[in-house]
Structure formats: structure tokens, C-alpha cells
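As C-alpha cells, the structure follows; a few thoughts come after it.
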Amino acid sequence: MIDPRLLRAEPDLFRDSQLRRGADNSAVDRFLELDRSRRTAQQLFEEVRAQQKQMGKRIGPARGAEKRGELTEGQQAELARWLTEAEELSNRVKAAESEVADLEPQVEAAATEIDNLVDPDAPIGSESDFRTLHEVGKPRDFDSEGFSPKDHLELGEILRAIDTDRAAKVSGSRFFYLTGDGALLELALLNLAMNFATGNGFTPIIPPALVRPPAMAGTGFLGQAEENVYRLEADDLYLVGTAEVPLAAFHSNEILDAEQLPLRYAGFSPCFRREAGSHGRDTRGIIRVHQFDKVEMFSFCNPDEAVAEHERLLSWEQEFLDLLELPYRVIDVATGDLGSSAARKYDIEAWIPTQGRYREVTSTSNCTTFQSRRLNIRMRSKSGSPHPLATLNGTLIAMPRVIVALLENHQSADGSVAIPEALRPYLGGRDRLLPK
RNA sequence: GGAGAUGUCGCCUAGUCUGGUUUAUGGCGCCCGCCUGCUAAGCGGGUUGAGGUUUUAAGACCUCUCGAGGGUUCAAAUCCCUCCAUCUCCGCCA
């Protein structure tokens with residue numbers, strides 16, 4: 001949700017931002033017009049409502065006196081007149097109220113169509129117009145090592161770590177079993193990630209993966225992204241696509257103490273994605289799946305701190321990938337590819353040898369005050385009234401894609417896979433996964 | 001799943017049966033001021049949140065807000081309906 005007062009005062013900011021996203025900006029003017037009508041209607045309502053209340057204050061005591069039989073004939077007649085007048089007022093109140101009630105959702109709808117203001121520093125353009133910020137590590141030269149790399153699925157089968165055939169039998173396409181060392185690998189990554197997070201001051205959280213509609217809507221997943229969300233019709237619940245949803249909604253309808261900020265959480269949850277519209281893409285292996293586990297970082301912070309916090313989230317993401325000894329690059333996502341709630345977004349893409357390219361493994365977004373407005377999360381400093389705060393999120397680890405990157409980048413010709421040093425304590429001190 | 005109880009402005013609490021004379025009571029906590037060698041106590045005032053009108057400004061005023069949403073009524077914290085949450089008991093269960 002955008003800031004309606006800012007929009008009234010400086011609509012050009014929003015028109016321009018929408019253009020930068022390559023999005024429709026007609027909602028800005030639609031909002032302004034509806035908002036004006038709504039406020040006019042609101043004022044009328046408040047006026048007649050005030051009259052009605054005044055009348056009620058006269059009728060009340062008079063009725064009391066009437067019951068006690070203390071009214072003179074003249075007062076009795078006056079009361080009767082008041083009641084007639086009150087009835088008429090009541091009708092006018094109802095009419096005015098229903099006009100407001102009519103306009104309200106329209107204003108709301110227009111506001112919802114307006115995306116978050118983009119950060120002026122974000123590169124302008126569509127998906128391919130990203131800016132590369134860093135490249136870290138070098139892709140391995142398998143040619144010079146004298147063998148061609150196997151892809152993660154082949155390795156996963158050699159190690160008996162990944163089983164997609166049986167997953168297809170049981171659940172369908174885009175599902176997987178992690179077996180043996182595969183399962184242990186995920187648990188090791190989880191523990192490494194959680195220790196890393198808590199070491200950096202995050203509170204570990206295991207949130208619910210089923211949420212009610214307001215949580216889903218508040219985080220912005222019921223707009224364009226809706227087709228990718230699983231919904232449980234019978235119970236009116238959604239399966240979350242990321243822990244961002246329950247983490248963001250954790251403090252919904254709360255006013256947080258500004259002194260306590262930033263509040264940082266690391267949430268571990270399963271993630272469910274329908275992957276509608278991606279038929280035929282990444283059908284092999286576990287790069288694109290319907291269900292996976294992820295540790296997500298989430299921060300509630302002062303809007304003044306949001307840009308710095310975003311940089312911090314990014315550097316934690318990088319640090320974590322460094323621990324896993326993976327080559328990657330960091331990109332500054334272009335305005336057209338931000339999604340409605342992010343003002344700026346950095347993706348980290350790990351090198352995938354068998355694809356000869358970088359693929360997204362983590363992503364961090366600065367949502368400024370956009371989400372907190374929808375979720376009604378505010379902060380209060382010692383003096384002064386509550387204000388919306390900023391929310392930011394960033395992937396610490398998305399299991400399948402990191403497993404893909406680990407297997408492919410650290411493989412040997414015999415199909416064994418080297419375990420990065422940081423991970424060894426979590427795998428019983430082993431330094432390799434061996435074919436089974 | 002069955003039976004019952006509860007939900008009031010940070011916390012506790014009055015008000016709900018019997019609708020109006022309530023700007024929603026009082027206490028605790030917190031904030032400001034007064035008073036007092038200091039502290040404590042005492043005294044006075046303030047203290048839900050949202051939207052709006054107006055003003056150079058401080059402010060003033062209005063409307064909404066008693067778990068949420070509907071309804072009845074001239075008028076709803078109070079009556080009716082639906083939903084949500086919590087608690088107690090019973091049953092079932094990893």
C-alpha cells in the first residue's frame with residue numbers, strides 16, 4: 001500500500017515510478033479522483049451523523065423523564081417532534097454512510113493497483129536490464145581438469161541423494177525426495193544457516209506454513225502472483241510460497257517500539273509454489289519445484305535505516321555463499337522485474353556448470369513502508385505518533401538450488417562431491433559425499 | 001468433534017441482565033507540572049488508535065474505534081446473527 005497522503009501531495013512521484021516499472025499509471029489519477037469523492041462523501045456523513053448524535057442527546061434524557069412521568073404536555077409534544085426529526089436524520093445518515101461504503105472499496109482497489117515507489121538508484125528496464133554489481137569466485141574450468149561435469153540430478157542419483165522418479169510416482173512432476181546423504185545435506189545446511197543467522201543477531205523462527213487471506217494479501221501475493229499460490233478451498237487457507245509471509249504478518253496490527261528496531265528474524269519453513277506458467281522450464285532436477293525448504297531473513301526497521309539494512313542483508317547472503325565456496329554474481333534487479341512491493345531488489349546467482357550460466361539462488365528486497373502499511377505494522381518513538389516502518393527480506397538459503405550448486409560445483413570425475421569446510425562439522429566431519 | 005465460559009482505549013477493571021441522563025468507570029503503569037535538603041509520599045493535569053475540517057503555528061473542532069463483520073432501533077459496549085481468538089471439561093489424536 002502506497003502512502004495516500006504523499007500521493008495526494010506529489011502524484012508525479014507515483015506516475016513516474018509506475019513508468020519506470022513499465023507499468024500502467026492510470027490508477028494514480030483514478031485514485032486521486034475517487035479519493036476526492038470519498039472524502040466529500042465522508043464529510044457529508046460526518047456532518048449528518050453529528051446532528052444525529054446531538055439529537056440523541058436531547059431524546060435520551062427526555063425519554064427518561066417520560067418514563068418517570070415528569071413530562072408536561074408541551075414537552076411531550078416536543079419529544080414527538082424530535083423523534084420524527086431523528087427518524088429523518090437517521091435516513092440521511094444511512095444514505096450518506098452507504099455512499100461512503102460504496103466508494104471505499106473503489107478507492108482501495110485503485111490504491112492497491114499502485115506499486116511501491118521504486119528506488120531512484122534501481123536500474124531502469126525489464127528483466128534483462130539488470131546491473132551486475134559483483135562477481136565473486138571463478139567458475140571451474142572442467143575442460144582443463146579433463147572431465148565434463150555431470151548435472152545435479154545425475155550426481156544426486158549416483159550419490160543416492162535425490163530421487164525424482166519416485167517423487168513423480170507419489171506426488172507428480174516437480175517434486176523430489178532427498179534420501180540418505182541428500183537428506184543429511186539439507187539438515188546440515190539448515191543448521192549451518194541457523195547458526196549463522198543467530199550468530200548475526202537473528203531470532204530463529206519456525207512459522208506456520210498455512211496462513212489466512214489477510215497475511216497473503218498483506219504481503220502482496222494475492223495480486224499478479226496469485227496464480228502461483230496454493231489455496232485450500234475447504235478451509236480458506238493458503239500454503240505460503242515463502243516464510244516471508246508468516247514473518248511479515250508476525251507483527252501485523254502491532255505498534256513496535258522504535259528503540260527495539262531493527263527486529264531481525266530467520267524463518268525456516270517449507271515453501272509451496274504452483275509454478276503456473278512455467279511449463280517446460282527447468283523440468284529436469286530440482287531447480288524448479290512445487291515444494292522446498294528455505295531459511296528466510298526478515299527485518300523490521302526504521303525507514304531511515306532501510307537502505308543500509310538492505311546492504312546488510314545482501315552482505316549476509318554473500319557471506320553465507322562464501323562459506324559454501326560457491327562462485328556467484330550479484331545483480332541489481334531492474335525496475336520492471338521488482339514485483340509490486342519492492343523498491344529495490346538484489347539477486348544473487350550461483351554459477352551452474354552444466355548450464356554454463358548463473359542461476360538465482362537468493363534474493364533480497366527492500367519493501368520500504370509498502371508492506372507495513374498493508375499489514376498495519378507501525379513503530380513509535382519516545383515522542384510522537386506511530387509511523388509505518390520498513391520491512392526487508394532476504395533468502396539465507398533455498399535448499400534445492402543450493403544443493404544443485406553444491407553438487408555441480410564441488411563434484412569430482414568419479415561422481416563424489418567435496419564438502420565445503422564450513423559444512424563438515426554438520427556432516428560428521430566428512431569431507432566428501434561418496435557414490436553409493 | 002461435543003458442552004460451557006470469556007473478549008472493554010499498555011495492564012487490570014466498572015458498565016452488558018433492564019439500550020438513551022457515559023465526553024466508556026476506577027486503579028496500576030507511564031508522561032508533564034506543583035510541592036518537598038534528596039528519594040519516596042502527596043497534589044493537579046495528561047495518557048487507544050485511525051480519518052478529516054480548520055489555523056502561519058501551537059492548537060481547536062468533528063467522525064469512526066468496546067475481538068471482527070453484519071442486523072434491529074430515532075438511538076447499540078449493551079439486543080440479535082455470523083465469524084475469529086482464548087480458557088475449562090469431555091472425546092479423539094502425532
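Everything numeric in this text was worked out from a predicted model, so none of it was measured. We name chains A, B, ... by the order of the sequence lines, and we start the count at 1 in each one.
Look at CG on D236(A): it is 11 Å from C1' on C83(B), rounded to the nearest Å. Atom CG in L34(A) sits roughly 19 Å away from atom P in G51(B) (whole-Å rounding). Rounded to a whole Å, the CZ atom of R49(A) is 19 Å from the P atom of C61(B). Distance, R63(A) CZ to U22(B) P: 18 Å, rounded to whole Å. Note: NZ (K53(A)) to C1' (A75(B)) measures 11 Å, nearest angstrom. Rounded to whole Å, atom P of G52(B) lies 9 Å from atom CD of Q42(A). Distance, E47(A) CD to C64(B) P: 14 Å, rounded to whole Å. Atom P of nucleotide U47(B) and atom CZ of R380(A) are separated by 13 Å, given to the nearest angstrom.
In terms of heavy atoms, I287(A) sits closest to H152(A) at CG1-CE1, 4.0 Å.
With a cut-off of 3.5 Å on both pairing distances, G19(B) has no Watson-Crick or G-U wobble partner at all. Across all strands shown, C38(B) forms no Watson-Crick or G-U wobble pair with both distances under 3.5 Å. G29(B) and U47(B) make up a base pair, with Watson-Crick or G-U wobble contacts both under 3.5 Å. Checking A3(B) for Watson-Crick or G-U wobble geometry (two distances, each under 3.5 Å) identifies U88(B) as its partner. Here U53(B) sits opposite A60(B) as a Watson-Crick or G-U wobble pair (both hydrogen-bonding atom distances under 3.5 Å). Shown here, A24(B) forms no base pair; nothing in the strands shown gives a Watson-Crick or G-U wobble contact with both key distances under 3.5 Å. Using Watson-Crick or G-U wobble geometry with both donor-acceptor distances under 3.5 Å, A14(B) finds no partner in any strand shown.
A distance-only check finds a donor-acceptor pair linking the side chain of T242(A) to the backbone of E244(A) [under 3.5 Å].
Going from the C1' atom of G59(B) to that of U73(B) covers 38 Å, rounded to whole Å. Across U25(B) and G46(B), the matching P atoms stand 12 Å from one another, rounded to whole Å. Nucleotides U65(B) and G70(B) place their P atoms 10 Å apart, quoted to the nearest Å. G49(B) and C66(B) have their C1' atoms separated by 13 Å, with the value rounded to a whole Å. Comparing the C1' positions of C62(B) and C81(B) gives a spacing of 32 Å, expressed to the nearest Å. Between C43(B) and U55(B), the distance separating the two C1' atoms is 35 Å to the nearest Å. With P as the reference atom, A24(B) and U86(B) are 31 Å apart, rounded to whole Å. Distance check on atom C1': C89(B) versus C30(B) gives 40 Å, rounded to whole Å.
Neither side chain, R36(A) nor T40(A), offers a donor N or O lying under 3.5 Å from an acceptor on the other. Donor-acceptor pairing under 3.5 Å is recorded for the side chains of Q52(A) and R49(A). A donor-acceptor contact closer than 3.5 angstrom is absent between the side chains of D163(A) and T179(A).
Side-chain proximity of R5(A) to the nucleotides G52(B), C74(B), U63(B) is greatest for G52(B). Of the candidate nucleotides U63(B), G52(B), A85(B), G52(B) has the atom lying nearest to any side-chain atom of R39(A). Closest contact between the side chain of E46(A) and the listed nucleotides G51(B), U53(B), C74(B) involves G51(B). Distance from the side chain of K57(A) is smallest to U23(B) among U23(B), A85(B), G49(B).
In this structure, the separation between CZ on R432(A) and CG on L159(A) is 10.5 Å, given to the nearest 0.5 Å.
Within 4.0 Å (heavy atoms only), R8(A) reaches sugar-phosphate atoms of the nucleic acid but no base atom.
Put simply, R378(A) has a side-chain N or O that comes within less than 4.0 Å of OP1 or OP2 on A50(B). OP1 and OP2 of U63(B) both lie 4.0 Å or more from every side-chain N or O belonging to Q43(A). Phosphate contact (OP1/OP2 of A50(B), side-chain N/O of R373(A), threshold under 4.0 Å): absent. Applying the 4.0 Å criterion to OP1 and OP2 of C74(B), one finds that T84(A) has every side-chain N and O outside that range.
In this structure, L83(A) and I255(A) both approach RNA chain B, and ranking their closest nucleotides by distance from the 5' end singles out I255(A). Each of P386(A) and A86(A) was matched to the nucleotide of RNA chain B holding its nearest heavy atom; the match closer to the 5' end belongs to P386(A).
You'll find the ring centres of F176(A) and H290(A) outside the 6.0 Å limit. Ring-centre distance between F250(A) and Y265(A): below the 6.0 Å cut-off.
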